[in-house]
Amino acid sequence: MNRSARYALRIASLALALGLWQLLTSRDVDLWLRFSQFPTVTDVARTFADRLAGPDYWTDLTDSLTRILTGFVLAAVLGVATGVLVARSRLAEDLLGPVLEVIRPIPAIALVPVAILLFPSNEQGIVFITCTAAFFPVLVSTRHAVRALAPVWEEAVRTMGGGRWRVLGSVVLPGALPGVFGGLSVGIGVSWICVISAEMISGQYGVGYRTWQDYTVVDYPGVFVGMVTIGVLGWLTSTAVELLGRRLTRWLPRTAQGTAARSKTSRSGAAPPPAGTSAARKDTRARPEEARDEHLVRD
């Protein structure tokens, strides 16, 4: 399936979901779920258009994005640094590991009272909650990615005279990038969940604060406008992180070979030789280093 067909399928899926929502709510369907209590798609769209024409919506959007980006950047820097340190140093693991493992299961939203008591302003407290929410997914992913690196890469650099910092810059950080960006992708989603919840409790502006205010005045179309806004913003930021990760890991042999193989197959129309045949054995013997590198990356 080509790219155009995939995009068309995604658009059709979204249109089908919206059409089903409109049908169930406009007909006031009440079986086990009470769709008669839901606003219709047209009601939400009308409220959305009214919000876009006013200044408050854009102010809330800017505040939420500022809080997310500030907390997420801090979490990315601290999470990667701490993850590498804990994975590479037994002393750091013994000193930081127990404290981090005790704090990690605590939901970030449960830290709202701590943020209120600890920081002089609600704005700083919300950024703290956002940072904490993204910090642990990044930390755990980085730690596992660093520990999963093949020792032969580090030994090769040290054999050529590379020191600790050369190993860190040439082996550890590049090799752990796929795992790091996996944690970043999870972290940005968790950050949106927690920043919205924090805004509902202690914020003054923001998408979460406005959504909660709409709920208190029983403006359900406004509530759904906030939900749609949160969903779209979360999808956009997560997609941006994933695209950045793909760009920075283009050097991976698995990605490069997979793309080249698909392109060659589509141009020639021929399938790869079956396993066990002489052609397959010849191809494997011709590229032993590439197969070995791909195995190391996959492990």
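Atoms considered below: every heavy atom in the structure, side chains included; atoms not considered: hydrogens, waters and symmetry mates.
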Subject >> Leu74 and Phe135, any side-chain heavy atoms less than 4.5 Å apart >> reply: no
Original post:
Taking side chain as C-beta onward, heavy atoms only, is Asp28 less than 4.5 Å from Phe35?
Top reply: no
Original post:
Below 4.0 angstrom, N of the basic side chain to O of the carboxylate: do Glu93 and Arg147 qualify?
Top reply: yes
**OP:** Take Arg51 and Asp56, measure what side chain to side chain contact (heavy atoms under 4.5 Å, CB included) needs, and give me the verdict at the end.
**Re:** CA-CA 8 Å; Arg51 295 286 176 89; Asp56 292 340; over 6 Å; no
Original post:
Looking only at atom types and distance, does a side-chain atom of Ser141 sit under 3.5 Å from a main-chain N or O of Val138, one as donor and one as acceptor?
Top reply: no
Original post:
Are any non-hydrogen side-chain atoms of Cys194 and Thr130 less than 4.5 angstrom apart?
Top reply: no
Original post:
Side chains of Thr229 and Tyr57: donor-acceptor distance under 3.5 Å anywhere?
Top reply: yes
**OP:** Check the side chains of Asp214 and Thr211 for a donor-acceptor pair under 3.5 angstrom, ignoring hydrogens and angles.
**Re:** no
Original post:
Counting N and O atoms only, with roles assigned by atom type, does the side chain of Ser64 sit under 3.5 Å from a partner on the main chain of Leu61, one being a donor and the other an acceptor?
Top reply: no
**OP:** Determine whether Ile188 and Ile68 make a side-chain contact, defined as any pair of heavy atoms from C-beta on separated by less than 4.5 Å.
**Re:** yes
**OP:** Please determine if Arg104 and Glu101 form a salt bridge, counting it only when a charged side-chain N lies under 4.0 Å from a carboxylate O.
**Re:** yes
Subject >> From CA spacing to verdict: side chain to side chain contact (heavy atoms under 4.5 Å, CB included), Gln124, Ile129 >> reply: CA-CA 9 Å; Gln124 296 172 355; Ile129 293 170; over 6 Å; no
**OP:** Name all residues meeting the ring-ring contact (aromatic ring centres under 6.0 Å, His included) criterion together with Phe224; count only those two or more places apart in sequence or in a different chain, and write none if there are none.
**Re:** Trp21, Phe38
Subject >> Check: Tyr209 main-chain N/O paired with Asp60 side-chain donor or acceptor under 3.5 Å >> reply: no
Subject >> Pair Glu199 + Arg67, salt bridge at N-O below 4.0 Å >> reply: yes
Subject >> Val86, Val80, Leu85 screened by side chain to side chain contact (heavy atoms under 4.5 Å, CB included) with Thr82, the one that passes >> reply: Val86
Original post:
Do the non-hydrogen side-chain atoms of Phe72 and Val241 ever get within less than 4.5 Å of each other?
Top reply: yes
**OP:** Step by step, work out the side chain to side chain contact (heavy atoms under 4.5 Å, CB included) result for Leu236 and Val232.
**Re:** CA-CA 6 Å; Leu236 289 177; Val232 171; 4.0 Å; yes
Subject >> Ser26 side chain vs Leu23 backbone, donor-acceptor pair below 3.5 Å >> reply: yes
Subject >> Any donor-acceptor N/O pair, Arg246 side chain to Leu243 backbone, under 3.5 Å >> reply: no
Original post:
Going by heavy atoms in the side chains, are Leu52 and Trp58 under 4.5 Å from each other?
Top reply: yes
Original post:
Is there a donor-acceptor pair under 3.5 Å between the side chain of Gln22 and the backbone N or O of Val41?
Top reply: yes
Subject >> Heavy-atom closest pair, residues Leu248 and Leu177 >> reply: O-CD1, 3.8 Å
**OP:** Answer yes or no: is there a donor N or O on one side and an acceptor on the other, between the side chain of Ser191 and the main chain of Gly187, under 3.5 Å?
**Re:** yes
Original post:
Just by modelled atom types, is the Gly182 backbone N or O under 3.5 Å from a matching donor or acceptor in the Ser185 side chain?
Top reply: no
